[in-house]
Amino acid sequence: MKLDELVNSTREALTVKRVYAEPFEKDGLAVIPAASVRGGAGGGSGHDEKGQEGEGGGFGMTGSPAGAYVVQGGKVKWLPAVDPNRLFVMVGLAVIAYLLMRPRMARARGPASS
């Protein structure tokens with residue numbers, strides 16, 4: 001793939017359609033889903049001592065749900081998405097930090113007196 005083709009395909013991939021889906025409407029209620037999309041690209045070209053030329057590159061992207069805009073009665077409300085995996089990891093990290101710090105906190109308090 002040529003470098004200019006890579007840039008064009010990256011530009012096509014990172015569009016607003018990757019962030020906002022088509023609105024869903026029913027009974028005067030409209031829901032517009034939104035996502036967080038991140039991406040990056042890199043490429044280069046060069047030649048060797050024999051005069052051969054080459055170029056290449058690549059890109060990657062990731063996305064996750066961010067929430068949805070709910071439109072009803074002329075009012076817009078943002079409803080954030082909850083990622084259960086991220087929530088589980090954060091709670092797990094907090095528990096691990098507490099368990100690791102518990103002995104240090106007990107030593108800092110000193111011996112228990114009656």
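- Cluster annotation: I96 and M90 are assigned to distinct hydrophobic clusters (Ile/Leu/Val/Met/Phe/Trp/Tyr, side-chain heavy-atom contacts under 4.5 Å, transitive).
- Residue F24 holds its CZ atom at 12.5 Å from CD1 of I32, rounded to the nearest 0.5 Å.
- Clustering ILVMFWY residues whenever any of their side-chain heavy atoms sit less than 4.5 angstrom apart, transitively, puts L100 in a cluster other than the one holding Y98.
- For the side chain to side chain contact (heavy atoms under 4.5 Å, CB included) with Q72, the lone residue among V31, L29, D27 that qualifies is L29.
- M105 and L99 fall within the same hydrophobic cluster, where Ile, Leu, Val, Met, Phe, Trp and Tyr residues are linked whenever their side-chain heavy atoms come under 4.5 Å apart, directly or through other members.
- Minimum heavy-atom separation, A30 to E25: CB-CG, 3.8 Å.
- A66 and W78 get closest at one heavy-atom pair: O-CZ2, 3.4 Å.
- Pairing each heavy atom of P65 with each of A81, the nearest pair is O-CB, 3.9 Å.
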